Amino acid sequence: MEQLAFDDSLRTGFETIDEQHALFLSMLTDLAAQIEAGHHRQGVLDAFQGMKLYADGHFSDEEALMEAREYPRLPAHRQLHEAFRSMVMEFENRLGEGVGLVSLETLEYLGSWFIRHIRDEDMRFAAFARKGEDRST
Ligand SMILES: [Fe+2]
Ligand SMILES: [Fe+2]
């Protein structure tokens, strides 16, 4: 499995957000390890659902923060979160039909999407928020 670890290059400077990003990626890695180890269906399904709930919570927290900072790109950002949610839902349905249908490639895909999203989009918000803070000092 490709490296999906959190590192300093992914830090937005918002501690809660950074912690959530790191934890989400480690949940994904754990899930991949479970699948690799051939864990039983219910365990994988539970871990997948945990990951999904966690992503949901993270997206809501992030959107609330963006709203509080009056981030103008929030609608577009929200759409990206929505796209991730739909992807996860589709994978979950497939998982419900059989664990074999969700491969490590699937998780890698979700993980690289998430990392790319942090790098390109969450960071863009962080830069915007930093500018606002500069102005207020
Ligand atoms: Fe995020
Ligand atoms: Fe985001």
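Whatever order the structure lists them in is the order used to number ligands and atoms, beginning at 1. In this chain, residues are counted from 1 in sequence order. If you're wondering where the values come from, they're calculated on a predicted model, not measured in any experiment.
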side-chain contact (heavy atoms from CB on, under 4.5 Å) against E82, all qualifying residues, sequence neighbours excluded: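 Testing E82 for side-chain contact (heavy atoms from CB on, under 4.5 Å), a comparison that skips the adjacent residues, returns R85.
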Results of side-chain contact (heavy atoms from CB on, under 4.5 Å) for D8 - residues two or more places apart only: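 D8: side-chain contact (heavy atoms from CB on, under 4.5 Å) contacts with R11.
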Can you confirm whether the side chains of [X] and [Y] place a donor and an acceptor under 3.5 Å from each other?
X   : Y    : result
H77 : E63  : no
H21 : E62  : yes
S9  : R119 : yes

Every N, O or S from the protein that is nearer than 2.8 Å to the Fe ion (ligand 2):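 Listed by chain and number, the nearby protein N, O or S atoms are E62 OE1, H77 NE2, H81 NE2, H117 NE2, D122 OD1.
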Would you be so kind as to tabulate the donor-acceptor pairs closer than 3.5 Å made by side chains of residues 47-55, with sequence neighbours excluded?
unit_1	atom_1	unit_2	atom_2	d
Q49	NE2	E92	OE2	2.9
K52	NZ	E92	OE1	2.9

